Every structure is written in C-alpha cells, then in structure tokens.
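Single-structure report; data block below.
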Amino acid sequence: MDKLIITAALTGAEVSREQQAALPITPEEIGIAAAECAAAGASIVHVHARWPDGTPTQDKEIYRQIMDEVSQRCDVIVQISTGGAVGMSAHERLAPVALRPEMATLSMGSVNFGGDVFYNHPSDIDAFAREMQLQGVKPELEIFDSGMLATAKRWLDKGALASPAHFDLVMGVPGGMVGTPQALMYMLSELPPDATWTVAGIGAAQLPLTTMAILLGGHVRVGFEDNIYYRKGELAVSNAQLVARIVRIANELDRPVATPQEARQILNLAAR
Ligand code: KMH
Ligand code: ZN
C-alpha cells in the first residue's frame, strides 16, 4: 500500500465567512492555511480563488498570488480548481492552468449541484484535458457520480487522458453520488486497475469515507470546501485541525503519511 496522500481543500467556491469564520479567502490567508496544513501532514492543497469580498473567481493573477504565497511558506503540491463556481464559463475556469501548477482538477461530467447545475460539456472535458497535457499539469479527475467514472474510462481508452489516472471520488453532493460506504465500494470496483484515488466526502460523510480510504489503500481529502464541522454541531477551528485528525487516524491504523515529495512519486508528477 502506498503512503497516504492527504489533500486539504482549503476554501472552495461555495462556503462563506458567515458559515465558517476561519475560511481562508485572500491569497495570504490561503498561503497561511496551506502552510498550517502542510505542517500537519497534508501533501496537496486544493485551492479556489476569491475576490477580496469573498466572491469566487478564476482570475489568473489571483491564482498566481496564491501560488506565490503558498510556495514562500512551504513545500506542498498546489492543485488549482478548474471547477471554479457553478455558472462560470469553461474558458474562464481554464485560465489559471496557464500558470502550470503541479496539478489541477478536471470534472468528468455534469451534475445537479444543490439548487444549480455544474455543467461540463464533453467538448469542455476535451479542451481541459488537452490544455493540461500541453502545460504538463497532472489532472485529478473529479467524479461526482458513477456515469462520470465511465466517461473517464472512455477518455482514457481513446487516449484523451493519460494513464495511470488519479481520481477524486466526490461523494455526498446533493444531486450527485451518495456518500455511503456501499457507494464507495461500488465506485472502487469500477476504477481502472492502475488508477490512484482519493475520496472527498461532503459534510458528515467526510470522516467515515476518509477513514475507509485509509484502510482500503486510497488517499483522502479533508477541509472546509467539503466540510466545515469537526463533529455534529461543532464547527472546526481550522483546515489544519481536520488534517491533524486524519493524520491521527492514519497513525492509529498504521498507514504512514506521504510527504509532498513522496506524493509526487506516487502520482507520477512531472519534475519542475
Ligand atoms: N465548486 C464546484 C462547482 C473543482 O474544484 O474542480 C466545483 C468544484 C470542483 O469545486
Ligand atoms: Zn474544488
């Protein structure tokens, strides 16, 4: 079993300061949160950009500032979002890939997303895959429902995505795949045999699904983008608190945690 890669999804596009007072919003706040999470054991930070008023943006300059603020403080893999927020155009979502981060997300289909639709036309998936290949950026394939996994396999079969692929099973979005142990086991049965995978459980699904992933040889994503609570009725105090908990669980279960350098090897990231 590979060492455990922990991703901290620091900000997201949907959570507000009103819901979670410790949400990092500015590039500096995101840099500080990334360093805290890296010190706690995260090897990847998944980042979304916001304007100073908290509105989501895919502005390349804000992402550049985020990448600078993170790299000044710590060694951690920066994975930028190309999902952005619901309603953004594919063109604007793709813009920060030109900064050549080590990783970026690539959503493999459309899904009802709460009261909205997160739209990913097949031609957009093609364009995102092409641009990431061109820029040497490793995609993390975002899977919100089982049909998207079938789509990813078709894209791998036709050579539009490179193998071995890395998947993020995002489970528990209202409108997407449910966040149950049974659903996770089904998804794992459908993964390509050479794939690496991580699980992002939404809300109360975060703790049980990440614990399962530790046992099953997968990797984990925690953080405010997916879950703002430490336990029912108790807000987490920081992203790093959620990372520290998953490190403690991994230690108890005898699964060593990967450093960023080890994570780069596990995920076959391009040398920079
Ligand atoms: N904000 C969601 C609509 C990603 O980062 O790639 C999409 C999302 C996925 O967060
Ligand atoms: Zn995201």
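In each ligand, atom 1 is the first atom listed, and ligand 1 is the first ligand listed. Predicted model only: the values in this text are computed from it and were never measured.
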Could you check ligand 1 for N or O atoms lying under 3.5 Å from protein N or O atoms and list the pairs with distances?
from	atom 1	to	atom 2	distance (Å)
ligand 1	1 (N)	E14	OE2	2.7
ligand 1	1 (N)	G84	O	2.8
ligand 1	5 (O)	H46	NE2	3.2
ligand 1	5 (O)	H48	NE2	3.1
ligand 1	5 (O)	S81	OG	2.7
ligand 1	6 (O)	G83	N	3.3
ligand 1	6 (O)	T105	OG1	2.6
ligand 1	10 (O)	H48	NE2	3.3
ligand 1	10 (O)	E225	OE2	3.0

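Judged purely by distance below 3.5 Å, without hydrogens or angles, the side chains of H121 and S123 pair a donor atom with an acceptor atom. Q265 and Q261 are not linked by any side-chain donor-acceptor pair at a separation below 3.5 angstrom, with hydrogens and angles left out of the test.
Atom NZ of K158 sits in a crowded spot, with more than 12 heavy atoms from other residues, nucleotides or ligands closer than 6.0 Å. The environment of OH in Y229 is sparse: at most 12 heavy-atom neighbours from other residues, nucleotides or ligands sit within 6.0 Å.
Nearest to the Zn ion (ligand 2), among the N, O or S atoms that H48 has, is NE2. Nearest N/O/S atom of E225 relative to the Zn ion (ligand 2): this is OE2.
Stacking of K153 on the aromatic ring of W155 is not recorded, the 6.0 Å distance cut-off and the 45° axial limit not both being met. Both tests do not hold together for R93 against F128: distance to the six-membered ring centre under 6.0 Å, angle to the ring axis within 45°.
Side chain of Q20 to main chain of E225: no donor-acceptor pair is present (N/O by atom type, distance under 3.5 Å, no hydrogens or angles).
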